[in-house]
Amino acid sequence: MFRRLVRLSENHSFFLFGPRGSGKSTLIRDKYLTQNSFYIDLLQDSFESRYARNPDLLMSDVRSKSKVDWVIIDEVQKVPRLLDLVHKLISEKKIKFILTGSSARKLRRSGANLLAGRAFLYYLYPLTSAELGSKFDLKQVLSWGSLPQIYSYTDANDKAQFLKSYTNTYLKEEIMSEQLVRNVDGFRNFLEVAAQMNAKAINYSKIGREAGVEDKTVQTYYEILQDTLVGFLLPSFHRSVRKAQTMRSKFYFFDLGVVRALENSLDSPPVVGTSGYGVYFESFLINEIYRCNAYSQKDYKLSHYQTSTGQEIDLVLSKGKKTILIEIKSTSRIDPKEVQHFEMISEGFKGAEKFYLSLDPVASKIQGVNCLHWQDFLDSFF
């Protein structure tokens with residue numbers, strides 16, 4: 001059992017959302033499941049069919065318990081109508097609920113009652129380097145990702161089979177079984193192309209041509225991936241919100257093992273020094289910062305920046321008047337000329353903190369840019 005960084009409430013109802021396999025059920029069982037807990041797993045057919053036919057049974061089931069510390073409903077999006085009863089039990093009976101889910105989309109589409117602030121909202125992601133502790137190995141994470149289940153396997157073939165099974169049974173079959181998509185072949189093609197475009201600016205027309213679907217369909221598919229927490233958009237930074245909306249965003253899948261399974265590259269380990277390795281490393285680190293930002297409740301807005309001539313800054317963290325610029329390189333020895341180039345691109349950001357993150361263990365400062373090993377940055381910042 002890994003110690004997770006998310007800080008869950010001990011005395012207030014809450015939602016815990018996260019992609020399937022991120023460890024939600026394990027965390028909740030370990031932390032909250034006692035003899036006075038009432039646990040409902042909607043992934044089990046018996047529970048799902050019971051409450052789908054008659055959601056009102058939740059009221060009588062809870063009331064039949066002499067003492068209930070927590071009512072835990074796992075994968076609540078399977079029966080969204082239960083949330084009306086949850087709302088009533090919280091308001092009238094002061095019952096505490098834990099509601100987990102891997103798809104906020106289905107809840108919103110069904111017009112489900114999201115409890116109007118009566119439940120806190122948390123997210124859980126694949127394991128971070130801090131959560132892995134001594135088990136963290138960059139090469140392994142870049143190759144296989146960091147879903148908790150992957151650490152139960154020692155054999156590479158078993159890891160590959162797990163990731164293939166995950167992408168086939170969940171990302172493809174289950175998302176489609178929820179009727180989130182209708183064009184099965186188009187969605188499968190899209191997933192492969194989207195994985196190949198991971199960490200790159202989205203070109204809807206190009207992806208649509210390669211996947212054999214329309215541009216608008218590609219946009220819908222990306223929305224589905226976000227709503228099922230399979231990834232997130234990194235918008236383009238602009239001080240004008242209106243102009244930022246017209247610029248191209250990047251998309252980052254939530255786990256590199258899943259990316260590599262979707263792009264059919266599990267049998268080709270990342271090679272240090274190649275451009276592919278650099279893309280994987282960038283994706284890894286941006287995911288790390290994304291997760292740590294959520295867990296620490298720093299509430300920074302994440303974006304990327306591109307000049308009119310196509311030069312880029314990998315990550316911009318902004319909150320109020322504070323701006324942090326981050327350049328990410330997979331090199332083990334920084335090049336001062338590249339740092340100076342980063343400084344030149346960032347000249348328009350007055351008063352911004354600037355970080356050049358790499359695999360170089362030696363910290364330095366070059367023309368106002370803080371050059372750090374990526375792990376030192378995470379340790380000091382979060």
Side-chain angles (χ1 to χ4, degrees), residues 8 13-33 37-65 68 70-90 95-116 118-126 147-149 165-182 184 187 220-221 223-231 254 258:
L8 303 175
S13 296
F14 62 85
F15 286 99
L16 179 61
F17 285 113
R20 188 69 56 80
S22 56
K24 300 185 301 295
S25 299
T26 300
L27 175 61
I28 295 303
R29 288 193 191 106
D30 180 71
K31 189 174 176 65
Y32 296 95
L33 191 59
S37 300
F38 180 31
Y39 183 72
I40 301 169
D41 185 359
L42 293 178
L43 289 180
Q44 292 186 16
D45 291 339
S46 57
F47 278 120
E48 183 183 6
S49 60
R50 172 180 173 79
Y51 292 115
R53 286 196 307 267
N54 188 356
D56 289 335
L57 288 172
L58 179 66
M59 298 289 288
S60 57
D61 289 347
V62 172
R63 286 169 175 166
S64 69
K65 307 294 180 182
V68 179
W70 292 94
V71 177
I72 302 167
I73 305 179
D74 217 346
E75 298 299 337
V76 68
Q77 80 276 353
K78 291 284 186 180
V79 188
R81 288 188 298 165
L82 284 177
L83 289 172
D84 288 330
L85 286 307
V86 170
H87 191 156
K88 190 171 185 179
L89 285 164
I90 291 175
I95 304 293
K96 294 184 297 184
F97 280 83
I98 297 173
L99 308 157
T100 79
S102 53
S103 174
R105 181 184 179 88
K106 188 172 182 181
L107 294 178
R108 288 201 302 270
R109 283 167 58 109
S110 65
N113 183 342
L114 294 180
L115 309 184
R118 287 173 173 80
F120 297 156
L121 179 61
Y122 302 102
Y123 289 91
L124 191 68
Y125 306 98
L147 284 166
Q149 183 69 29
S165 176
Y166 183 98
T167 56
N168 284 322
T169 61
Y170 176 49
L171 292 187
K172 297 178 182 178
E173 294 176 13
E174 187 164 334
I175 286 178
M176 288 184 285
S177 73
E178 294 284 353
Q179 297 182 339
L180 297 179
V181 297
R182 296 179 181 178
V184 175
F187 184 65
T220 300
Y221 287 169
E223 289 172 4
I224 290 170
L225 294 186
Q226 291 178 82
D227 289 338
T228 53
L229 307 175
V230 174
F254 77 113
V258 171

Between the CG atom in L16 and the CG atom in D74, the distance rounded to the nearest 0.5 Å is 9.0 Å

Q.
Taking the side chain as everything from C-beta on, heavy atoms only, tell me whether L99 gets closer than 4.5 Å to L82.
A. no

Between the CD1 atom in I72 and the NZ atom in K31, the distance rounded to the nearest 0.5 Å is 12.0 Å

I'd like to check V71 versus K65 (side-chain heavy atoms, cut-off strictly below 4.5 Å). Are they in contact? no

*Is the distance between the ring centroids of Y32 and F14 under 6.0 Å?*
yes

Do S13 side-chain atoms and A119 backbone N/O form a donor-acceptor pair below 3.5 Å? no

| query | In terms of the angle between their ring planes, are F15 and F17 parallel, tilted or perpendicular, with boundaries placed at 30° and 60°? | reply | parallel

One should read off an interatomic distance between S37 OG and I28 CD1, to the nearest 0.5 angstrom, of 10.0 Å

Validation row: L27, L8 side chains within 4.5 angstrom (heavy atoms)
yes

dist D227:CG -> L229:CG (nearest 0.5 Å) comes out at 8.0 Å

### Task
Show your working on side chain to side chain contact (heavy atoms under 4.5 Å, CB included) between Y122 and L124 and close with a plain yes or no.
CA-CA 7 Å; Y122 302 102; L124 191 68; over 6 Å; no

Which word best sums up how the rings of Y221 and F187 line up, parallel for under 30°, tilted for 30 to 60°, or perpendicular for over 60°? perpendicular

Here the gap from Q226 atom CD to I224 atom CD1, rounded to the nearest 0.5 Å, amounts to 10.5 Å

**Message:** Checking the side chain of S102 only, and the main-chain atoms of G18 only, is there a donor and an acceptor separated by less than 3.5 Å?
**Reply:** no

query: Would you find a donor on one side and an acceptor on the other, under 3.5 Å apart, between the side chain of S22 and the backbone of P19?
result: yes

Rounded to the nearest 0.5 Å, the CD atom of Q149 sits from the OG1 atom of T26 at a distance of 8.5 Å

Apply side chain to side chain contact (heavy atoms under 4.5 Å, CB included) to residues K88 and L58 and explain how you reach the verdict. CA-CA 11 Å; K88 190 171 185 179; L58 179 66; over 6 Å; no

